[in-house]
Amino acid sequence: MDRGLDVSEAARPVRTRRAAAKPPAPARSSLLRRIPGRHVALSRRAAWEARYIRTLLLADFLVGAAAGGLAFKLRFGDDLTRYNQDYLVLSALLPFALVVAVGLSRVYEARFLFVGTDEYQRVIRAGLSLIAGVAMVSYALEIPLARSYVLIALPAATFATVAVRFGLRKRLHRARKKGDCLRRVIVVGHELAVIHLARQLCRERYHGLEVVGACLPPQHDGEVGLPVYGTFDDVADAVDVSGADTVIVLSCPEIDGQTLRRLAWRLERDEIDLILANALIDVAGDRTTIRPVDGLPMLHVEHPRLEGTARLGKEVFDRLGAALLVALLSPVLLVVALCIRLESPGPVLFRQVRTGRDGREFLIYKFRSMYLDAEARLAELRHLNEHDGVLFKIRNDPRITPVGRRLRRFSLDELPQLFNVLLGQMSLVGPRPPLPQEVAQYADDVRRRLAVKPGMTGLWQVSGRSDLPWEEAVRLDLRYVENWSLSLDLVILMRTLAAVVRPSGAY
């Protein structure tokens, strides 16, 4: 059974009407044995999801044990005395307390796992709740706890839990790229919308949704590059025939509330997931709220948090983070500067005018990675541009020095931008800082990128960098502007480390 999906080279679509013949069912022998009372595809999905959750549970327990042992070691050393034996008991209880706190935050529920930042946000909230709970209990019962022990054990357990879960999720995403741990999806909607969603899910395989077929409206032409299993009335049959475990219903006028309710009742029998894709673009779940109005569920959309205390928190996080990174990376900065100075004549730093928040221009700092005549040679190389938007990018740019090519490979040329962050001109995480001439070509929608400070890294940089088409780069930057939060920044910073080690798209 082919696990992949190539929309451009998919099997010949089946032209169907309601009474048309369905494509042949996949061989049941290729699927795992059905769990009694469950749809066969759901049985397959339940197996790997259960393994993943058990792994998370074990990992959280081990992280708690390691954090307790580390705190005891750093605070009391190797000696066991009457004074610290109680802390040894606390260290043994910490993994149980951590698992309970994380469980109460519902982080073991599958809907919060696999993709998105909700899992990490809930883990951090669980850690903060555990710290607050320990403080309140020790104060109320007048228990004299060593503050240094608490300040080591609980924060270490919280952030180590986030890091371990991030690593496990990256391993899951690699498995999904190979075609494992995927949900089989039937998409219901009009042709163009189905094609767009199928291509996006194929490109972003880490979401774990493999489109195996579609149900189209009556009188459709069937040209979607996917097997067509009938019309909107045939969704339940399409699930049985294709072995799907998930149905995605796109926004279309033919499917009203009554139709959706009947479909949900039918899919409920086999525990098939039903996903409704609304018309909102790149709006995170924490900005939407369902509020009933006279029995009718209304979707309320909050405005993105671009001002107020959230912005102040981001400013403080950026400045402190940049100062810490400058202190830690100062030897690297000195070595890179020396290599540039020894290789070719010219300044160590490259300065260029970029456009920041609200269109304000500033001078960006980077390590010089090109020869001094790079700007003068731009016109003669313009016809070699490999990017499809306003950017100019070519893989083997002759203007780049040998040292500069190594710096760009691992994004070391970007490190001086830490000083831009300290000056308040940039953020650690944000959209790519554009040139003024690029901004002059922006459409009105693209100018939304200027609503926040540009960043040293961002969704664009960790999702493929220069290998991404222009429209996808813009979409990722706009997604960040609409949904930014400190937890999202932390996730992007962690993904940046993996992107730097994997230098694809860096040229």
Side-chain angles (χ1 to χ4, degrees), residues 317-356 361-378 381 386-387 391-435 453-468 489-490 492-507:
F317 175 78
D318 286 336
R319 303 291 180 91
L320 293 179
L324 179 62
L325 289 174
V326 167
L328 293 176
L329 298 176
S330 54
V332 178
L333 297 173
L334 293 175
V335 170
V336 171
L338 181 61
C339 291
I340 295 173
R341 174 68 70 181
L342 294 177
E343 187 204 33
S344 62
V348 170
L349 292 179
F350 171 74
R351 300 172 177 84
Q352 191 177 48
V353 175
R354 296 292 179 100
T355 303
E361 295 183 353
F362 67 96
L363 205 61
I364 197 173
Y365 302 107
K366 301 176 70 175
F367 280 125
R368 181 173 60 84
S369 60
M370 291 186 172
Y371 294 104
L372 291 179
D373 61 347
E375 292 294 328
R377 299 175 60 186
L378 179 60
L381 299 173
E386 299 178 15
H387 212 275
L391 301 180
F392 176 80
K393 293 285 185 178
I394 53 178
R395 292 182 183 274
N396 298 309
D397 196 329
R399 303 173 299 161
I400 301 178
T401 64
V403 168
R405 200 169 299 280
R406 294 185 179 90
L407 295 179
R408 289 192 173 199
R409 181 175 176 83
F410 297 103
S411 299
L412 295 177
D413 60 319
E414 312 282 352
L415 291 181
Q417 294 175 27
L418 289 169
F419 296 101
N420 290 113
V421 178
L422 287 174
L423 293 173
Q425 299 162 335
M426 293 181 61
S427 174
L428 291 177
V429 181
R432 172 189 167 274
L435 293 165
K453 290 181 182 179
M456 293 183 61
T457 185
L459 284 177
W460 176 80
Q461 292 91 328
V462 301
S463 301
R465 291 186 271 189
S466 298
D467 286 340
L468 290 177
D489 283 3
L490 290 173
I492 292 175
L493 289 172
M494 296 178 70
R495 290 181 60 185
T496 300
L497 297 177
V500 169
V501 174
R502 184 188 67 254
S504 58
Y507 53 87

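What you see is a predicted model; the values in this text were computed from it and never measured.
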For a quick test of reading the model, state the closest non-hydrogen atom pair linking [X] to [Y] and the distance between them.
| X | Y | result |
| --- | --- | --- |
| Ser330 | Ala327 | OG-O, 3.1 Å |
| Gly356 | Pro454 | CA-CD, 3.7 Å |
| Ser344 | Thr401 | OG-CG2, 4.3 Å |
| Met370 | Arg368 | O-NH1, 3.0 Å |

With rounding to the nearest 0.5 Å, note down the distance linking [atom1] in [X] to [atom2] in [Y].
| X | Y | atom1 | atom2 | value |
| --- | --- | --- | --- | --- |
| Gln425 | Lys453 | CD | NZ | 8.5 Å |
| Arg409 | Ser369 | CZ | OG | 15.0 Å |
| Leu324 | Leu329 | CG | CG | 8.5 Å |
| Thr457 | Gln417 | OG1 | CD | 10.0 Å |
| Leu459 | Thr496 | CG | OG1 | 9.5 Å |
| Phe419 | Leu349 | CZ | CG | 8.5 Å |

How about [X] and [Y]: do any of their side-chain heavy atoms sit closer than 4.5 Å?
| X | Y | result |
| --- | --- | --- |
| Leu428 | Phe317 | yes |
| Gln352 | Lys366 | no |
| Trp460 | Pro431 | no |

| said: Once side-chain hydrogen bond (donor to acceptor under 3.5 Å, both in side chains) is applied, do any residues pair with Ser427, and if so which ones, sequence neighbours excluded? | reply: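 If we apply the side-chain hydrogen bond (donor to acceptor under 3.5 Å, both in side chains) test to Ser427, skipping adjacent residues, the hits are Lys314, Asp318.
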| Is there a donor-acceptor pair under 3.5 Å between the side chain of Glu343 and the backbone N or O of Val403? |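 Checking the backbone N and O of Val403 against the side chain of Glu343, a donor-acceptor pair under 3.5 Å is found.
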| Are the side chain of Arg351 and the backbone N or O of Leu363 linked by a donor-acceptor pair below 3.5 Å? |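 Absent.
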| query | Does the pair Met426 and Ile364 meet the rule for a side chain to side chain contact (heavy atoms under 4.5 Å, CB included), with working shown? | reply | CA-CA 9 Å; Met426 293 181 61; Ile364 197 173; 3.9 Å; yes
| query | Is the shortest side-chain N to carboxylate O distance from Arg354 to Glu361 below 4.0 Å? | reply |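 No.
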| Is Arg406 atom CZ crowded by more than 12 heavy atoms from other residues, nucleotides or ligands, each under 6.0 Å away? |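 Counting other residues, nucleotides and ligands, CZ of Arg406 stays at 12 neighbours or fewer.
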| Yes or no on side chain to side chain contact (heavy atoms under 4.5 Å, CB included) for Ile340 and Val336, after CA distance, side-chain angles and deciding distance? | CA-CA 6 Å; Ile340 295 173; Val336 171; 3.9 Å; yes
| When you look at Phe362 and Val353, which way does the side chain to side chain contact (heavy atoms under 4.5 Å, CB included) test go after all the steps? | CA-CA 6 Å; Phe362 67 96; Val353 175; over 6 Å; no
